[in-house]
Structure formats: structure tokens, C-alpha cells
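Written below as C-alpha cells is the structure these notes are about.
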Amino acid sequence: MKFKKPTTEKIVEVLDHLAQLLELRGENPFKIRAYQRGARALEVLSEPLERLVEEGRLGDVEGIGKAIEEKVTELVTTGHLPYYEELVASFPVTLFELFELQGLGAKKIKILYDVLKVTSIADLEAACKAGKVAELAGFGEKSAANILKAITFYQEHAGLFRIDQIAPLAEQLLADLRAHPDVGQCQVAGSFRRCKEALGDLDLLVSSKKPEAVSQFFVQHPLVQEVIAHGPTKSSVQLEGGVQCDLRVVKPEEFPFALIYFTGSKEHNIRLRNRALERGWSLNEYRYTVEQGAAEPPLIHDESELYASLGLSYIPPELREDRGEIVAAAAGMLPNLLEWTELRGTFHCHTTASDGKSTLREMALAAQELGLDYLGIADHSKSSYQANGLNEARLLQQQEEIKKLNNELAPFRIFAGTECDILKDGALDFSDEVLASLDYVVASVHSSFGLSETAMTDRLIRAIQNPYVTMLGHLTGRRFFSRDPYPVNIPAVIEVAAATGTMIELNASPYRLDMDWRWWSLAKEKGVKCVINPDAHSTQGLQNLKYGCLIARKGWLTKDDVVNTRSLEKVIPLLEAKRKR
DNA sequence: GCCGTTTTCGGCCCGACTGTTTTCAGTCG
């Protein structure tokens with residue numbers, strides 16, 4: 001019998017789902033947490049799950065014991081888990097939608113299901129409107145109203161936001177809080193500070209001796225649309241645009257502890273707590289507590305000192321994902337992460353020639369203003385009809401314009417390129433002869449997203465084997481909250497990129513952030529260079545570079561790993577290297 | 001269900017806030 005092997009992500013999903021199922025059954029909460037911990041452990045494995053299973057080493061992973069090891073092994077080797085399938089079958093499948101609603105957990109969902117026979121969000125909405133929910137024991141008018149609000153919120157946003165949706169709100173709130181006389185230190189925390197690509201909310205942390213005054217100021221801020229919770233030290237609001245924002249106010253001496261705690265990630269913090277315990281200190285969000293007989297910890301004034309007290313060099317927030325940063329920090333081996341100011345130029349920008357909103361000249365001047373020394377223009381190629389892609393004649397004409405503008409703007413340099421479509425079979429949209437006339441080529445997929453993983457992988461590999469393809473554009477084609485990534489074997493593509501000397505783009509558009517930060521360590525290890533491209537469709541779009549830089553940092557990249565940190569003189573041979581091989 | 005230099009039983013993170021209670025359960029982070 002052949003079966004489709006479940007991916008690690010799928011298995012993580014099963015474990016998380018098992019935890020929900022057990023919660024609904026009212027199981028021992030520690031058993032539930034064990035499944036959740038098991039899922040988290042599989043998420044951050046440093047080697048393939050299959051290999052661990054084959055070699056019988058799965059049980060060595062922290063958080064995986066005998067029972068979960070058996071279940072995961074069964075899933076990996078047979079593709080099935082009857083224990084799970086039976087549990088799933090005992091509840092209607094739509095019931096699990098309810099876990100997505102703010103303020104609803106397993107206990108309440110169970111009551112709604114048992115008493116009102118609610119099995120979906122649609123059912124729940126109807127029950128609330130019919131007044132049935134408010135009559136339930138433990139519920140009331142307010143609960144019913146809040147559930148309706150949570151349903152509306154869920155339907156509108158599915159609860160996630162892009163980094164560019166949150167950033168302006170964060171900047172405004174930070175500035176206003178910092179200007180408040182009762183605010184000492186003030187910082188963004190949470191996943192925004194860690195530069196995650198998709199954000200559920202915005203977390204702010206303030207130190208103050210008058211927490212009530214600061215909390216009051218916060219909930220009355222003009223950006224606040226609605227107050228969800230409001231206490232002296234903890235408040236929760238909904239901002240314009242539906243973003244949930246939480247504020248914590250702590251005492252000045254608690255600030256570094258709270259900042260690390262609320263920045264996360266949870267897994268990172270667990271590692272820190274364990275290191276503290278090894279020293280006889282218990283670490284929480286406010287302070288160290290010293291166990292009897294243990295040495296006194298040093299006084300802590302900031303995050304650096306806190307890390308130092310645990311024998312670690314300072315870990316930048318972007319790296320706090322429990323992906324090896326603690327070990328590296330203990331060994332003093334953390335990379336010197338890329339700084340945004342180190343970028344000297346960029347590639348993959350559009351102009352009015354295809355689907356951009358700014359002209360060639362406007363783009364060049366904006367790049368100069370941004371402090372860049374060079375700019376690559378890569379308008380769409382002829383097959384991208386929808387984007388007004390350039391044919392050979394128009395491309396030639398653009399090259400002439402670029403030549404003229406280069407004479408005028410020297411020493412600033414515009415590189416003539418193209419964002420050449422990768423056709424369905426992996427062939428390119430222009431002949432090698434045309435490609436050879438350009439300074440560089442970005443190759444990207446803009447059509448036939450529905451191919452199988454194998455076909456898509458072959459397609460990309462064929463494209464990057466072309467000697468004129470300098471860099472691979474937005475590797476998975478994802479667009480946050482509107483288009484899923486197409487299936488592609490990323491390690492296989494990285495392998496061929498390394499072998500052919502092809503750069504991989506870090507598309508800095510906040511809609512894409514593609515290739516994903518989780519893969520850059522592998523690319524770096526294989527010797528593939530990163531190029532941070534804004535995919536700008538206007539002068540404003542050049543600002544995307546800042547997001548790209550944040551994601552590069554999150555991917556552990558340094559100045560040396562990123563091609564467009566090179567000076568003009570040094571970048572030219574890098575663009576030519578592959579075609580000269 | 002996981003874990004162990006307090007080791008095979010008995011812990012497992014817990015503080016803050018809301019809403020429905022009259023002292024607390026549920027949710028969240």
C-alpha cells in the first residue's frame with residue numbers, strides 16, 4: 001500500500017489538534033500541554049523528522065516522550081493514527097473554528113456544544129442573536145455581545161496583519177507614549193519586535209511609577225477604537241484598522257525582565273528560565289528570585305545585562321526564536337547582523353514601462369535620495385500581459401533610456417535588467433541573446449501556480465540553470481492573506497542555486513517577504529548569496545528595503561551574505577560572475 | 001503525557017483581567 005507521507009507541519013498540526021480534542025474532552029491540563037509542547041518541539045527540529053524516526057532517536061527530543069514518540073512514528077511510517085482519527089470523528093469538524101474566536105476557549109466551547117448544540121461559527125452567531133447564549137450558566141449579555149464582536153473580527157481579518165499595517169501604528173504609539181511625562185522607558189515587544197512576517201497583535205511595554213496615569217492615557221489615545229480591557233497595569237484595545245494592541249506597565253527596575261519576557265518567543269524564554277535555574281535563580285517577567293543557598297544575581301539595568309548574567313552575549317530580538325541562538329550566544333558566536341544602512345543599492349524595481357507608478361527617472365532620484373549608489377530596473381517581461389510586460393523592442397528602448405540617464409546621474413548607476421517570467425516548463429520569456437544584452441536578470445514565476453511540487457521545483461531549477469539568470473525572484477510566490485505559496489522543494493532549489501552560482505532574492509515587499517526567513521540559514525550554509533530587493537512599484541516602494549533588512553536579520557544574515565551591501569565597483573563583477581563561468 | 005544530580009511519583013508558570021459571580025472560573029499571553 002502506498003501512502004502520502006505527512007509533512008512535519010502536518011504532524012505538528014495533528015498534535016495541536018489532539019491537544020484541542022483532549023481539552024474538549026476535559027482531559028488533564030498537563031496532558032494537553034504535553035501535546036502542545038510536543039508540537040512546538042517538532043516545529044524547531046534541527047534535522048529532518050523522518051531521519052529521527054528512522055534512527056529511533058525521536059524520544060531523545062526534549063518534550064517527546066514514549067506516548068508521543070509512538071504516535072508520531074506511526075504517523076510517519078503509516079500515514080495514519082487511529083487514536084487521532086477516532087477522536088476527530090467524535091466532534092463535528094466545524095466545531096474547531098470556534099477556537100479561532102477571541103475570548104473563547106475549550107471550556108466555553110464545550111458548554112456551547114453540549115447545551116446549545118453549537119457546532120460552527122454560523123451556529124454560534126445565530127445562538128447569540130437568538131439570546132440563547134446569554135441565558136447559559138456562566139455566560140451573560142456581555143459574553144454574548146463579546147462573542148458576536150469576536151465573530152465579526154474573525155470574519156474581517158482572520159486575526160492577522162502584515163508588518164506594514166502595524167509599523168505606522170507602533171511608531172505613533174511609541175512616540176506619544178514616550179512623550180508622556182509619567183513614562184520612563186517604552187518599547188514595542190512581542191512578535192513585532194521579533195520581526196515576524198505575520199502579526200496577530202501589537203504589544204507595548206512601558207515603565208512608570210504612575211501606571212494608572214499611563215494606562216488611562218493609552219486607552220484614550222486617538223488611535224484607539226475600542227477598549228477591550230483596562231486595568232492599572234494591563235490594558236487591551238483595538239486600534240484603527242482592527243489591530244489589537246496590549247499595553248503593560250511595569251516598575252522601572254522590572255523593565256528589562258518584562259521586555260525580554262514580552263518580546264518572547266515563548267520557547268526562547270523557556271531556555272532562558274532554564275539557564276537561570278541552573279544558577280539557582282528563578283526568572284519571571286518581573287525579576288530574579290534567588291533560591292536558598294544560591295549566589296546573588298547581579299543587578300540588572302537592561303537586556304544586555306540580563307543576558308550577560310546568564311552567560312550570554314546580547315541576543316537581538318529578531319533571533320529569539322529558539323533556533324540555536326542561545327547556544328551561539330553562549331559561545332560568543334552570534335552573527336554580526338546586517339544593518340539597514342549597509343545596503344548600497346538594490347535590484348528588482350518596476351517603472352511606468354510595466355506596472356510601476358513612478359518613471360525611471362523618479363525611481364533613480366528616489367534611490368539616490370535614499371542614499372543608494374545603484375539601482376536595478378527589472379520591469380516585467382512580455383508574458384506578463386496583465387502587468388504590461390515589455391517585449392524585446394520596448395526592453396531595448398528602456399536600455400537606451402537607462403544609458404542616457406546614467407550619463408546624466410553618474411557616478412550613480414542604473415543597471416538594466418528584467419524580471420523575466422519563468423514559463424510553465426521552466427523556459428524563460430526572453431531568448432538568451434536578449435538576456436545577454438542586460439546587466440542582470442531576475443527570474444520569477446507569475447503564472448501556472450497550480451503545478452505539483454515536483455513540476456514547480458523542476459520548473460525553477462531549469463530556470464536557474466540558465467547562465468543569464470542572475471537571481472531567482474520571490475521563490476514561493478506567496479502573498480500574505482491572499483495567496484498561499486505554491487508548493488516547491490526549497491532545499492532542492494537552494495542546492496541548484498549554489499551549484500550554478502545563482503543568487504536568491506529576499507523580496508522585501510511586506511506582502512511577500514519571500515524567500516522566507518527560516519530558509520536563509522540553509523542558503524548561507526550552501527554558499528548561496530542573498531539579494532534584498534524591494535519589488536518597488538513606486539518611489540515609496542523603495543522603503544520596503546527596510547522590511548527586507550529586518551527579515552534578513554531574522555534569517556541570521558550578515559553584511560557579507562547580502563550582495564547589495566557591496567559597493568558599485570564590487571557588485572558589477574558579482575553580476576557578471578555566473579554568465580562568465 | 002513528560003520529566004528526573006530532590007529520579008519512577010508527583011510536580012508541571014502563573015499573573016492580570018473580564019464577566020458572572022458573592023469568591024471564582026475562564027481566557028490570554
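Letters go in sequence order (proteins before strands), and every chain restarts at 1. Quick caveat: nothing in here was measured; it's all calculated off a predicted structure.
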Looking only at side-chain atoms of A:Y286, point me to the closest of B:dC17, B:dG1, B:dA16.
B:dA16
A:E197 and salt bridge (charged side-chain N to carboxylate O under 4.0 Å, His left out): which single residue from A:R512, A:K554, A:R518 fits?
A:R518
Testing A:V188, A:V224, A:L202 for side-chain contact (heavy atoms from CB on, under 4.5 Å) with A:L173, which one passes?
A:L202
Measuring only the P atom in each nucleotide, how far is B:dG26 from B:dT20? A whole number of Å is fine.
14 Å
Check the side chains of A:E278 and A:N274 for a donor-acceptor pair under 3.5 angstrom, ignoring hydrogens and angles.
no
Quiz item: A:D201 side-chain donor-acceptor pair to B:dG29 base, under 3.5 Å
no
Distance, rounded to the nearest Å, where A:I111 contributes CD1 and B:dT21 contributes P:
11 Å
NZ/NE/NH1/NH2 to OD/OE distance under 4.0 Å, A:E325 and A:R320:
no
Could you tell me how far apart A:R273 (CZ) and B:dG29 (C1') are, to the nearest whole angstrom?
12 Å
Between A:F262 and A:R248, is there a cation-pi geometry (under 6.0 Å to ring centre, at most 45° from the normal)?
no
Mind checking if A:I64 touches a base, just sugar-phosphate, or nothing, with heavy atoms under 4.0 Å?
sugar-phosphate
Determine whether the side chains of A:H474 and A:D535 contain a donor N or O and an acceptor N or O closer than 3.5 Å.
no
For A:G59 and for A:D203, locate the closest nucleotide of DNA chain B by heavy-atom distance; then report the residue assigned to the nucleotide nearer the 5' terminus.
A:G59
Quick one: label A:K266 by what it contacts on the DNA or RNA (base, sugar-phosphate, nothing), any heavy atom closer than 4.0 Å.
nothing
To the nearest Å, how far apart are A:D246 CG and B:dA16 P?
15 Å
Using a 4.0 Å heavy-atom cut-off, does A:P232 contact any base of the nucleic acid, only the sugar-phosphate backbone, or nothing at all?
sugar-phosphate
Could you check which of B:dG1, B:dG29, B:dT18 has an atom nearest any side-chain atom of A:H230?
B:dT18
Check the phosphate of B:dG1 against A:K71, side-chain N and O only, distance under 4.0 Å to OP1 or OP2. Yes or no?
yes
Which one, B:dT18, B:dC12, B:dC2, comes nearest to the side chain of A:N28?
B:dC12
What residues from residues 128-148 of chain A pass a heavy-atom cutoff of under 4.0 Å to DNA chain B?
A:G138, A:F139, A:G140, A:E141, A:K142, A:S143, A:N146
From B:dG29, B:dG1, B:dT18, pick the nucleotide closest to the side chain of A:A229?
B:dT18
C1' spacing across the pair B:dC13 / B:dT23, given as an integer number of angstrom:
23 Å
Please verify the inter-ring angle class for A:H17 with A:Y84; under 30° counts as parallel, over 60° as perpendicular, anything in between as tilted.
perpendicular
Mind checking whether A:F96 and A:F99 have parallel, tilted or perpendicular rings, split at 30° and 60°?
parallel
Kindly assign one of parallel, tilted or perpendicular to the pair A:Y288 and A:F257, based on the angle between their ring planes and the thresholds 30° and 60°.
perpendicular
Grab the CD-P distance between A:E278 and B:dG4 for me, whole Å please.
12 Å
OP1, OP2 of B:dC13 versus side-chain N and O of A:S282: anything below 4.0 Å?
no
Scan every strand shown for a Watson-Crick or G-U wobble partner of B:dT8, both distances under 3.5 Å, and answer none if you come up empty.
none
Taking only the C1' atom of each, what is the distance from B:dT6 to B:dC12 in whole angstrom?
15 Å
Counting only non-hydrogen atoms, which of residues 90-110 of chain A are less than 4.0 Å from DNA chain B?
A:L101, A:Q102, A:G103, A:L104, A:G105, A:A106, A:K107, A:K108
Decide, yes or no, whether a salt bridge links A:R193 with A:D203 under the criterion of side-chain N to carboxylate O below 4.0 Å.
no
Quantified in whole Å, what is the C1' atom distance between nucleotide B:dG1 and nucleotide B:dT8?
14 Å
DNA chain B contacts among residues 15-25 of chain A, heavy-atom distance under 4.0 Å:
none
Donor-acceptor pair between A:S208 and A:D182 side chains, under 3.5 angstrom
no
Over 60° means perpendicular and under 30° means parallel, so classify the ring planes of A:Y307 and A:Y314, tilted if in between.
perpendicular
Can you find a side-chain donor-acceptor pair between A:S143 and A:N146 that sits under 3.5 Å?
no
Could you tell me how far apart A:L283 (CG) and B:dC13 (C1') are, to the nearest whole angstrom?
12 Å
Can you check the distance between B:dC17 and B:dT21, where both ends of the measurement are the P atom (answer in whole Å)?
22 Å
Nearest listed nucleotide, side chain of A:F30, among B:dC12, B:dT18, B:dA16
B:dC12
Verify the distance criterion only: is there a donor paired with an acceptor across the side chains of A:S236 and A:D246 at less than 3.5 Å?
yes
For nucleotides B:dC9 and B:dA16, find the distance between their P atoms and express it as a whole number of Å.
37 Å
Considering heavy-atom distances to DNA chain B, does A:T233 or A:G63 have its closest nucleotide positioned more toward the 5' end?
A:G63
Return the value, rounded to whole Å, for the distance between atom CG of A:L247 and atom P of B:dG29.
15 Å
To the nearest angstrom, how far is A:K149 atom NZ from B:dT27 atom P?
18 Å
Protein-nucleotide distance (A:E62, atom CD; B:dG1, atom C1'), rounded to Å:
15 Å
Among B:dC2, B:dC28, B:dC12, which is the nearest nucleotide to the side chain of A:R33?
B:dC12
